[in-house]
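Some notes on the structure that comes next.
Order of the sequence lines sets the chain letters (A, B, ...), proteins ahead of strands, with each chain counted from 1.
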Protein chains: 2
Amino acid sequence: MSKFDEIIRLSGYSRATVSRVINHSRHVSPEAREKITDIMNQLNYVPNRNAVSLSTGQTHQIGIVMASTSEIVLSFLNQFVDIAMDYGFQTIIYTTRGDKENELRAFEDLRSKRVDGLVIVTCVNEPRLLKAYCEYGPIVSWQRMGSDEIPSVAMDQAEGYRLALEHLISRGYTRIANLFGRVESLNTQSRREAYEQFMQEHHLPVRTDWYRYSVFTPTDGEQALRQLAADAELPQAVLCANDYVAIGIQSEANKQGISIPDQLAIVGFDNTELADTLGITTIHNPIAEQATHAFCRLWAVLNKQQMESLLQPEPLKYKLIARQTT
Amino acid sequence: MSKFDEIIRLSGYSRATVSRVINHSRHVSPEAREKITDIMNQLNYVPNRNAVSLSTGQTHQIGIVMASTSEIVLSFLNQFVDIAMDYGFQTIIYTTRGDKENELRAFEDLRSKRVDGLVIVTCVNEPRLLKAYCEYGPIVSWQRMGSDEIPSVAMDQAEGYRLALEHLISRGYTRIANLFGRVESLNTQSRREAYEQFMQEHHLPVRTDWYRYSVFTPTDGEQALRQLAADAELPQAVLCANDYVAIGIQSEANKQGISIPDQLAIVGFDNTELADTLGITTIHNPIAEQATHAFCRLWAVLNKQQMESLLQPEPLKYKLIARQTT
DNA sequence: TTGTAAGCGTTATCAA
DNA sequence: TTGATAACGCTTACAA
């Protein structure tokens, strides 16, 4: 006999009343509440969450989908897990390693009621394939999806990129290399367009020969600089996909005796703690706030209500943080 | 009517047979299997995982408990999530922010059948309180718990620490500072004892005045060096709690014009990618392998069988990685 | 190989 | 305020 039935037996009340006490319903007499509560404590009762989930259709679990738990997504992840927990939601990690089938499992888990909602941090499947899952529960994305059905909480990175470009130009750096992340990502596209437009507006050369893609880690950064340095002409400045790439550039420059920022200026992206420690100029990216946004969107749907208090009134802003590498 | 009932109705078979097909039981005729499979595909059926979990008593979910998802635990987390997924288990993150009540919620979730098992990465509650939860499901720990009931997959850090000390002494650094993590942790205790024992064996001074605690991040490292440098005598070498602290030390030393390794040698811990990039001498710590171990322990219990193939035959080893900071 | 029927542990709808 | 009873969607003895 389950503990639930035990409580029913010992208290003399019905199944329904016991359930009401568990769920703090107001329609219970004080005597019933006290008696049942006592017995619950005595038996050290906890509800079986699978039974609750089956009955209510809600798991209070949210899935978060990403290629892997890297440093780059860490602050988003951390903030999301934290705020979700504050609102009574657990977070399940789905790491896909960039594999489409792995990734689809997360979406299937939405369909099979394992999770109530989904946050996409990075994903590799076609948006038009994924949006079919929207009918099973709310989905929001950090990565921009280029699809209205799956809303994104990301900011347009063009804006941040322009801040970096203005800063560089104002200090006299005009021959600029760009180290991008994923070729197909909308972020990369935004950044590239921002760069090209900005340079054209200022009648400066657009150096597409200094574009590099799939540069994510410090090691990637080191390698990229080695390549660039092998050519006849060294750029005056490098715009990096993120701070970790910038660290790689900085380190490799030191090894090669390239002086920073005289011979080479470096700008990172995201403003992580290490960029501060290592004196790297960077663009502050309000990542934690975007994670908060992501949760709020989901929460609003799952609770069928707006969550005004948490939806930032003023839009988020990028900010240039000037340090020693420019 | 649920899709399950729909399948029963359309196929003409019973509830049990349909279930058998879903679970790939051998005791089903080819005709039945084909007919039912067809209908399942037609209806785009997926089982409701809450119903399955309620019925079987297994969720195929494992909770991972930590203060926060920091860089330091990242490779453990990543590897654990990956291998768990390979074996059909999802991972739920419980971040506690060092709060005992938050932490207990993870353990209560084991009790309420939300997760099948638990991995402790870091925890703040008393082991004797936590071990009461062992009866509800398997628990393993990365952090050493000092309790037999909750086994730990961690290695004794004394061994790694000794490697670092031997290396330093062999290069002539004898006046050594130690930057530790949490004061009460068994790791810190191990490291401190290793240091003291090693120095005494070699008739060298034990500099307890150069002990610092709660040093975790680059910023903590910078601050620690600032303090040390303010004193009359600077140590010849610093042993750091992890590579991130070492980065902070390295950076602050550069700022202060302290030359590395001539005036100050630095040894990190863990051998992260950044230690390589930044040329920091460190101790390689097979963290991913420990995460694998952790999963295997849980898996062995949950499947009531040994997992010999995955349990490393040879014991894991620390390794000194000498770079430019020594 | 198939079917019957009893669980799994809750919530929710009525009616009283 | 309470209680009967059905519903949630699936698994699993036990029989046939």
Which side-chain N or O atoms in residues 4-11 of chain A pair as donor and acceptor under 3.5 Å with protein atoms at least two apart or in another chain?
{"unit_1": "A/D5", "atom_1": "OD1", "unit_2": "A/R15", "atom_2": "NH1", "d": "3.4"}
{"unit_1": "A/D5", "atom_1": "OD1", "unit_2": "A/R15", "atom_2": "NH2", "d": "3.3"}
{"unit_1": "A/D5", "atom_1": "OD2", "unit_2": "A/S2", "atom_2": "OG", "d": "3.1"}
{"unit_1": "A/S11", "atom_1": "OG", "unit_2": "A/I7", "atom_2": "O", "d": "2.8"}
{"unit_1": "A/S11", "atom_1": "OG", "unit_2": "A/I8", "atom_2": "O", "d": "3.4"}
{"unit_1": "A/S11", "atom_1": "OG", "unit_2": "A/Y13", "atom_2": "N", "d": "3.1"}

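- Ion pairing between B/R105 and B/E108 fails under the 4.0 Å rule for side-chain N and carboxylate O.
- Summarising the geometry, the separation between NE2 on B/H27 and P on D/dA16 is reported as 19 Å, rounded to the nearest angstrom.
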Could I get a table of every N or O pair under 3.5 Å where one atom is in the protein and the other is in nucleotides 9-11 of chain D?
{"unit_1": "D/dC10", "atom_1": "OP1", "unit_2": "B/Y45", "atom_2": "OH", "d": "2.7"}
{"unit_1": "D/dC10", "atom_1": "OP1", "unit_2": "B/N48", "atom_2": "N", "d": "3.0"}
{"unit_1": "D/dC10", "atom_1": "O5'", "unit_2": "B/Y45", "atom_2": "OH", "d": "3.3"}
{"unit_1": "D/dC10", "atom_1": "O2", "unit_2": "B/S55", "atom_2": "OG", "d": "3.4"}
{"unit_1": "D/dT11", "atom_1": "OP1", "unit_2": "B/N23", "atom_2": "OD1", "d": "3.2"}
{"unit_1": "D/dT11", "atom_1": "OP1", "unit_2": "B/N23", "atom_2": "ND2", "d": "3.0"}
{"unit_1": "D/dT11", "atom_1": "OP2", "unit_2": "B/S19", "atom_2": "OG", "d": "2.7"}
{"unit_1": "D/dT11", "atom_1": "OP2", "unit_2": "B/N23", "atom_2": "ND2", "d": "3.3"}
{"unit_1": "D/dT11", "atom_1": "O4'", "unit_2": "B/S55", "atom_2": "OG", "d": "2.7"}

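- Under a 3.5 Å cut-off, the side chain of B/N78 and the backbone N or O of A/T69 do form a donor-acceptor pair.
- Side-chain contact between A/I62 and A/V119 is present, with heavy atoms from C-beta onward closer than 4.5 Å.
- Under a 4.0 Å N-O distance rule, the pair A/D86/B/R97 qualifies as a salt bridge.
- Residue pairs meeting the salt bridge (Lys or Arg N to Asp or Glu O under 4.0 Å) criterion with at least one member in residues 40-66 of chain B, sequence neighbours excluded: A/D109-B/R49.
- For the helix from C/dT1-D/dA16 to C/dA16-D/dT1, the axis fitted to the five pairs at one end and the axis fitted to the five pairs at the other end meet at an angle of 30° (nearest 10 degrees).
- Side chain of B/E103 to main chain of B/V124: a donor-acceptor pair is present (N/O by atom type, distance under 3.5 Å, no hydrogens or angles).
- Between A/R144 and A/N187 there is a side-chain heavy-atom pair separated by less than 4.5 Å.
- Here the range on DNA chain C touched by chain A, meaning any atom under 4.0 Å from one of its heavy atoms, is C/dG9 to C/dA12.
- Scanning for side-chain contact (heavy atoms from CB on, under 4.5 Å) contacts around A/R182 gives A/Q143, A/E184, A/S185, A/F216, with sequence neighbours left out.
- A donor-acceptor pair under 3.5 Å is formed between the side chain of B/Q61 and the backbone N or O of B/R114.
- Here the C1' atom of nucleotide D/dA4 and the CD1 atom of A/I8 are 12 Å apart, to the nearest Å.
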